[in-house]
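Shown next, in structure tokens, is the structure this report addresses.
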Amino acid sequence: MPSVNPPPAYTPRTTPARSNTVSTSGRNRSLSLRGSKNRSVSASSMSSSGKRSFFHSLKGGSNVTQLSKRLYRLIKNENQVINSYDSAGRERIHVATQLSEWGEQCGDDSVSDISDKLGVLLSEIGNQEIQHAQSLEDYRAILKAIRNTEASVQPSRDHKARIQEEIAKLKYKDPQSSRIMQLEQELVRAEAENLVAEAQLSNITRSKLKEAYALHFAVVIERAEKQALLANHGRRLLNLLDDTPVVPGDRPAVYDSEKEKRAREILKEAEDGIREWREELEEVLSNVVHPAFLGKAGLPVPVPPALQHTPPPEEEMEVHPAFRNQKGKGKAVTPPYPVDQERRQVAVV
């Protein structure tokens with residue numbers, strides 16, 4: 001029987017580790033994108049936000065009440081918008097790296113240096129886009145508070161509607177039924193509970209809507225102003241690139257060390273501008289009651305008189321308290337006891 005050679009031993013392939021994330025923090029980054037380990041953004045990192053949206057769609061939506069359905073759709077679609085901002089930021093970083101690599105192989109010193117510096121600015125613009133998407137998550141979380149309150153109010157509405165429907169059926173079939181009175185009493189309790197729930201929903205809806213979009217617009221303003229700041233510094237960089245036409249045989253102007261130094265200074269100023277940026281927003285006023293003065297149902301309760309600090313009217317301050325009538329007005333009346341020192345001594349004697 002002929003001998004059979006055994007198959008060669010299996011050796012697993014080793015592939016170099018690939019980074020799937022892009023750093024969005026650290027302002028003190030290099031002044032160049034070349035030689036960076038993260039030259040490209042992998043497909044898995046770009047689709048990470050899409051995976052989150054996929055799993056979110058799997059675990060939600062089954063127990064959505066009729067009252068909260070529209071807001072549920074709004075929050076879900078807003079999640080897709082946020083994912084788009086995140087993907088756009090990562091794509092911008094990828095394109096910025098490609099711009100730097102293209103300029104490096106052009107053979108022109110000025111184009112090479114300016115394209116590299118522009119890539120750094122564009123990369124930071126992409127980082128601002130990613131941070132914008134992360135900040136919008138807080139805005140969505142506030143909207144979810146309204147959605148959850150709407151979902152909690154729906155059972156109260158349904159319970160009241162079922163009692164009303166049952167009362168109407170009994171009055172039609174058996175107007176003399178003793179159960180009608182029981183249901184009417186139950187309806188009174190259900191209406192009282194629903195009244196509290198509806199008031200709580202109204203308060204939370206108005207306050208949380210104001211809070212959510214105040215945050216949303218603040219985030220939009222921050223992103224816009226920071227990206228505008230970076231874009232203006234990018235235009236300053238373009239002024240260092242000499243675009244004077246040359247005739248065949250001549251060479252363009254030399255990109256000297258002075259211009260290269262100026263380009264680095266512009267990047268440093270852009271970095272300082274982002275770090276020192278401060279928001280200047282239109283104030284959004286709020287009349288929300290402090291949580292200490294909220295009842296168990298989340299409704300405002302009267303503030304204790306000792307904390308109101310309301311001074312008495314001027315007309316009452318001019319009249320002795322003993323001469324005021326029971327209604328608290330400043331009209332003088334005969335006091336039930338002597339107020340003058342002489343009369344007090346006579347009363348004692």
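The analysis underlying the following values was restricted to heavy atoms, covering all of them including side chains, and did not include hydrogens, waters or symmetry mates. This structure is a prediction, so every number in the text was calculated from the model and none was measured.
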If two hydrophobic side chains count as joined below 4.5 Å and joins carry through other members, does [X] share a cluster with [Y]?
{"X": "L74", "Y": "V81", "result": "yes"}
{"X": "V219", "Y": "I75", "result": "yes"}
{"X": "V220", "Y": "L230", "result": "no"}

Among side-chain atoms of H132 and Q128, is any donor-acceptor pair under 3.5 angstrom?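 Distance-only check fails for H132 and Q128.
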Identified side-chain contact (heavy atoms from CB on, under 4.5 Å) partner of L229 from the options E225, H233, Q227: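 When E225, H233, Q227 are each tested with L229, the side-chain contact (heavy atoms from CB on, under 4.5 Å) holds only for H233.
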Start with the C-alpha gap between E211 and K208, add the side-chain angles, then the distance that decides, and say whether salt bridge (Lys or Arg N to Asp or Glu O under 4.0 Å) holds. CA-CA 5 Å; E211 180 184 355; K208 294 299 182 181; 3.4 Å; yes
Give a yes or no on this: more than 12 heavy atoms of other residues, nucleotides or ligands lie within 6.0 Å of atom [atom1] of [X].
{"X": "E276", "atom1": "CD", "result": "yes"}
{"X": "Q105", "atom1": "CD", "result": "yes"}
{"X": "R236", "atom1": "CZ", "result": "yes"}

To the nearest 0.5 Å, how far apart are [atom1] in [X] and [atom2] in [Y]?
{"X": "L183", "Y": "R162", "atom1": "CG", "atom2": "CZ", "result": "12.5 Å"}
{"X": "K117", "Y": "L122", "atom1": "NZ", "atom2": "CG", "result": "13.5 Å"}
{"X": "N287", "Y": "S207", "atom1": "CG", "atom2": "OG", "result": "11.0 Å"}
{"X": "L136", "Y": "N83", "atom1": "CG", "atom2": "CG", "result": "11.0 Å"}
{"X": "N79", "Y": "I82", "atom1": "CG", "atom2": "CD1", "result": "6.0 Å"}
{"X": "N239", "Y": "I266", "atom1": "CG", "atom2": "CD1", "result": "8.0 Å"}

Do [Y] and [X] meet the salt-bridge criterion of a basic N to acidic O distance under 4.0 Å?
{"X": "E258", "Y": "R262", "answer": "no"}
{"X": "R140", "Y": "E137", "answer": "yes"}
{"X": "E150", "Y": "K69", "answer": "no"}
{"X": "K259", "Y": "D256", "answer": "no"}

By side chain to side chain donor-acceptor pair (under 3.5 Å), which residues pair with R179, not counting sequence neighbours?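 R179 satisfies side chain to side chain donor-acceptor pair (under 3.5 Å) with E166 only.
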Please check: side-chain N/O of [X] versus main-chain N/O of [Y], any donor-acceptor pairing under 3.5 Å?
{"X": "N148", "Y": "K144", "result": "yes"}
{"X": "N77", "Y": "R73", "result": "yes"}
{"X": "N232", "Y": "A228", "result": "yes"}
{"X": "S100", "Y": "A96", "result": "no"}
{"X": "S152", "Y": "T149", "result": "yes"}
{"X": "S123", "Y": "G119", "result": "no"}

Would you please test N194 and R157 for side-chain contact (heavy atoms from CB on, under 4.5 Å) and show each step? CA-CA 6 Å; N194 179 255; R157 290 186 179 183; 3.5 Å; yes
